[in-house]
Amino acid sequence: MSSNPTDAPTGARNGPAVSRREFDALFETVRTWGRWAPAGRGAWNRVTADHVRRAASLVRSGTVVPLGRPWDTAPAPDNSKPALHYMSDLGDVEAPEPSTHKDFIGADYHGKGVSHLDALSHIAYRGRLYGGGAARELVGAGGARFGDVSALGPLVTKGVLLDLPAVLGKPWLEPGQAVHAADVLAAEAALDVEIGEGDAVLLRVGRFRRRRELGAWDADAASAGLHVDAVPLLAERGIALLGGDGDSDVRPSPVEGLHSPVHALAVAAMGVPLLDNLDLEALSAAGAGTGRYEFLLVVAPLDIPGGTGSPVNPVAVL
């Protein structure tokens with residue numbers, strides 16, 4: 001069965017509307033250009049050895065919860081470019097003993113189907129990458145010469161799950177529902193967490209529970225996520241990473257002429273990489289069972305020189 005939430009009006013739930021003039025002023029307010037070296041790591045420079053040690057101290061049970069989706073090769077309304085997987089050796093290519101079995105994988109991963117990390121070269125606003133460099137000069141057919149995923153390396157820090165459906169007593173937020181700064185503060189209070197400098201914030205809206213129960217839909221057209229008015233709070237707290245079971249943006253966008261305003265603010269203004277399409281259902285269940293919504297988070301993207309991001313399977317350690 002397929003659910004089509006775009007049939008329902010979403011304007012009231014994804015608002016209030018924001019003009020480009022208001023957005024540009026907000027962009028300048030949260031911009032951190034010139035703050036760190038190396039600039040290509042952006043807000044990951046906030047995470048020091050002390051941050052890692054404090055995050056490690058959060059481990060209690062040693063339970064490891066993977067957050068990445070299964071490699072999705074099935075076409076769907078939210079997976080228009082399915083990942084590839086095929087066998088390239090069934091024990092009949094090389095010498096017979098020992099037999100070897102090999103396979104190929106590939107993905108056009110920036111989309112709604114693959115759990116992935118957005119590096120700083122992924123997003124430009126008004127033609128400028130994070131730090132102010134011209135995107136046309138720094139990103140070409142050979143890849144990115146600034147802000148590529150290989151500049152980031154792995155991240156180990158404190159993760160904070162903002163489980164909005166759990167706070168609201170719902171199985172999920174409906175596509176098109178905006179999460180505002182007040183909702184973030186309410187979630188902190190309800191879940192007994194506090195977002196701090198160098199933290200990774202993961203927003204659960206219940207996308208994959210809804211998908212499993214009602215079917216896939218076009219998440220580019222309608223998805224729950226952050227309204228831009230929540231971003232200044234996250235900037236003030238000094239986060240290092242933002243992610244969720246969507247792509248962080250509420251859709252339709254409340255900003256005229258911008259399809260992904262939270263992407264522009266987080267990546268291009270703040271230097272905060274994004275994690276998209278995480279499956280947070282097991283982490284939500286673990287939080288409900290233990291009453292703990294902060295944990296050690298490990299993110300290890302592939303080392304792809306020139307890459308604008310990477311498929312990734314982050315893990316939370318409880």
Do NZ/NE/NH1/NH2 and the carboxylate oxygens of Glu174 and Arg210 come within less than 4.0 Å?
yes
Is the positively charged end of Arg204 above the ring of Trp172, judged by distance under 6.0 angstrom from the centroid and angle within 45° of the axis?
no
Ion pair check, Asp24 and Arg126, cut-off under 4.0 Å:
yes
State, with a plain yes or no, whether a side-chain heavy atom of Arg54 is found less than 4.5 Å away from one of Lys158.
no
How long is the gap from CZ on Arg251 to CG on Asp220, to the nearest 0.5 Å?
6.0 Å
Determine whether Asn277 and Lys112 make a side-chain contact, defined as any pair of heavy atoms from C-beta on separated by less than 4.5 Å.
yes
Does Phe208 share a hydrophobic cluster with Trp71, counting links as ILVMFWY side-chain heavy atoms below 4.5 Å and allowing steps through other members?
no
Interatomic distance, Leu234 atom CG to Leu241 atom CG [nearest 0.5 angstrom]:
11.5 Å
Is there a side-chain contact between Val65 and Val315 in this structure, where contact means two heavy atoms from C-beta onward sitting under 4.5 Å apart?
no
Would you say the side chain of Phe295 lies within less than 4.5 Å of the side chain of Leu161, judging by non-hydrogen atoms?
yes
Ring centroid separation for Tyr130 and Tyr125, is it under 6.0 angstrom?
no
Electrostatic pair Asp78-Arg211, nearest N-O below 4.0 angstrom
yes
A quick test of your reading: do over 12 heavy atoms of other residues, nucleotides or ligands sit less than 6.0 Å from CG of Asp192?
no
